[in-house]
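So the structure is just underneath, and the comments pick up after that.
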Amino acid sequence: MFYYFKRAVLDMLSNRFLNIITIVTIALSILVVSTFVLFFENANQMIDSWNKGIRIFAYLENDFNQSALLGLKNEILTLQPIKKIRFVSKQEALELLKKDMNTRKAFLDSLKGNPLPDALEIELKSSVRKWDEIESIAERIREIALVEDVEYGEKWLGRFINVFNLFRITGYAMSSLFFMIALFITANTVRLSLYSRREEVEIMRLVGATDRFIVTPFYIEGFLQGTIGGITGLSLLFVSYLALSSGLEANSVLGLFFDINFLSLEYSIIIILFSAFLGWLGCYLSLKQFLRY
């Protein structure tokens, strides 16, 4: 096995240009695929975290009297499935807003009055996961007396889901396209290498070398190309991730809404293995066709 591995490394070094092209192509393909995987993983985490603690904010009328709070809570609790209800006074809401805005709270301090309304923070049970169920509960709360309006992220979440679905379709299409490109270039690189060594292969056959003895170094070469390409592609993605993360941290406003995590170790290993398989598959298809002659 050491002999096969040594031959594969020497073959890669003797055909640097072709192998560099193959590795770069695989790296770019893995970069595109892993970028979409990174987006999907973070998007799914965001949606899952939102689903685990779905909250509806019911904004109360300006002349709301807290003496009616108990009756209002009991009326909302009759709408199943409600987990708990918390009253948020307009003063508490203003303090929370000042805390979130941090250094930008000077504008709020200049206000003569409190423009925020009293509100109820209504947490739904974890069993509620379908979008139409949330909409139905929110509309029923909106119809209750003393409730002026409700907010449950219907605008931004609806747009986010549409963008997420668009990226999913685009990701599948782009990943498939780059997979085919990488597979084509890998196969042709191995084929060119074989044709350049055709006489050597024919001599090896004449002296009794088996097909396994001939092709094994090429399989190892394809596997190494795929592995190096996968690691390179993930490294490029990690550098881009660090640049993006530092940019978000520098912007305190965006940092409040976006918390991007890099790919988990499990996903990274799967991508590298997929890349190695891509290199091996390109080599296999090329050798299968070449050995027919």
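One is the number of the first residue; the rest follow in order along the sequence. Scope of the values below: all heavy atoms of this structure, side chains included, with no hydrogens, waters or symmetry mates.
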Any link between Leu13 and Ile23 through a network of hydrophobic side chains (Ile, Leu, Val, Met, Phe, Trp, Tyr) touching at under 4.5 Å? yes
Kindly write out the residues that satisfy side-chain hydrogen bond (donor to acceptor under 3.5 Å, both in side chains) with Asp118, not counting sequence neighbours, or none if the list is empty. none
Quick one: ring pair (Phe, Tyr, Trp, His ring centres under 6.0 Å) partners of Tyr59, sequence neighbours excluded? none
Minimum heavy-atom distance Phe262-Leu234, with the two atoms named: CZ-O, 4.1 Å
Between Gly233 and Leu31, the two heavy atoms sitting closest are O-CD1, 3.7 Å
In terms of heavy-atom contacts, Phe57 and Glu121 come closest through CE2-CG, 3.7 Å
Among all residues two or more places apart in sequence or in another chain, which pass the side-chain hydrogen bond (donor to acceptor under 3.5 Å, both in side chains) test with Gln91? Glu95
Applied to residues 66-77, the side-chain hydrogen bond (donor to acceptor under 3.5 Å, both in side chains) test, sequence neighbours excluded, yields Asn65-Ser67
Could you check whether Glu135 pairs with Arg142 (Lys NZ or Arg NE/NH1/NH2 to Asp/Glu carboxylate O, under 4.0 Å)? no
As a quick check of understanding, evaluate side chain to side chain contact (heavy atoms under 4.5 Å, CB included) for Thr227 and Ser275, giving each step before the final call. CA-CA 6 Å; Thr227 303; Ser275 179; over 6 Å; no
Contact check, side chains of Ile82 and Ile137, non-hydrogen atoms, under 4.5 Å: yes
Side chain to side chain, Leu242 and Phe238, heavy atoms closer than 4.5 Å: yes
State which residues pass side-chain hydrogen bond (donor to acceptor under 3.5 Å, both in side chains) with Thr210; sequence neighbours excluded, sorted by chain then number. none
Determine, using the 4.5 Å side-chain heavy-atom cutoff (strictly less than), whether Tyr267 and Ile30 are members of one ILVMFWY cluster. yes
Side chains of Ile231 and Ile228: closer than 4.5 Å at any heavy-atom pair? no
Residue pair Ile26 / Gly230: nearest heavy atoms and the distance that separates them: CG2-N, 4.3 Å
With sequence neighbours excluded, tell me which residues meet side-chain hydrogen bond (donor to acceptor under 3.5 Å, both in side chains) with Glu143. none
Among Ile, Leu, Val, Met, Phe, Trp and Tyr joined by side-chain contacts under 4.5 Å, find the other residues sharing a cluster with Ile270 and list them by chain and number. none
Going hydrophobic residue to hydrophobic residue with side-chain gaps under 4.5 angstrom, can you get from Ile141 over to Ile85? yes
Residues Asn19, Glu221; criterion side chain to side chain contact (heavy atoms under 4.5 Å, CB included); working and verdict: CA-CA 9 Å; Asn19 282 281; Glu221 185 176 336; 3.2 Å; yes
Taking only residues two or more places apart in sequence or in another chain, which ones pass side chain to side chain contact (heavy atoms under 4.5 Å, CB included) with Thr216? Tyr4, Arg212, Ile220
Solution key, residues 276-285 side-chain donor-acceptor pairs under 3.5 Å, sequence neighbours excluded:
none

Salt bridge (charged side-chain N to carboxylate O under 4.0 Å, His left out) partners for Glu148, two or more places apart: none
Shared hydrophobic cluster for Leu244 and Val33 (ILVMFWY, side-chain gaps under 4.5 Å): yes
Members sharing Leu265's hydrophobic cluster (side chains within less than 4.5 Å): Ile269, Leu273
Nearest heavy-atom contact between Leu72 and Ala145 is CD1-O, 3.9 Å
Any residue meeting ring pair (Phe, Tyr, Trp, His ring centres under 6.0 Å) with Phe223, in chain and number order, not counting sequence neighbours: none
Taking a hydrophobic cluster as the set of Ile, Leu, Val, Met, Phe, Trp and Tyr residues connected by side-chain heavy atoms closer than 4.5 Å, whether directly or through intermediates, do Leu60 and Val88 fall within one such cluster? no
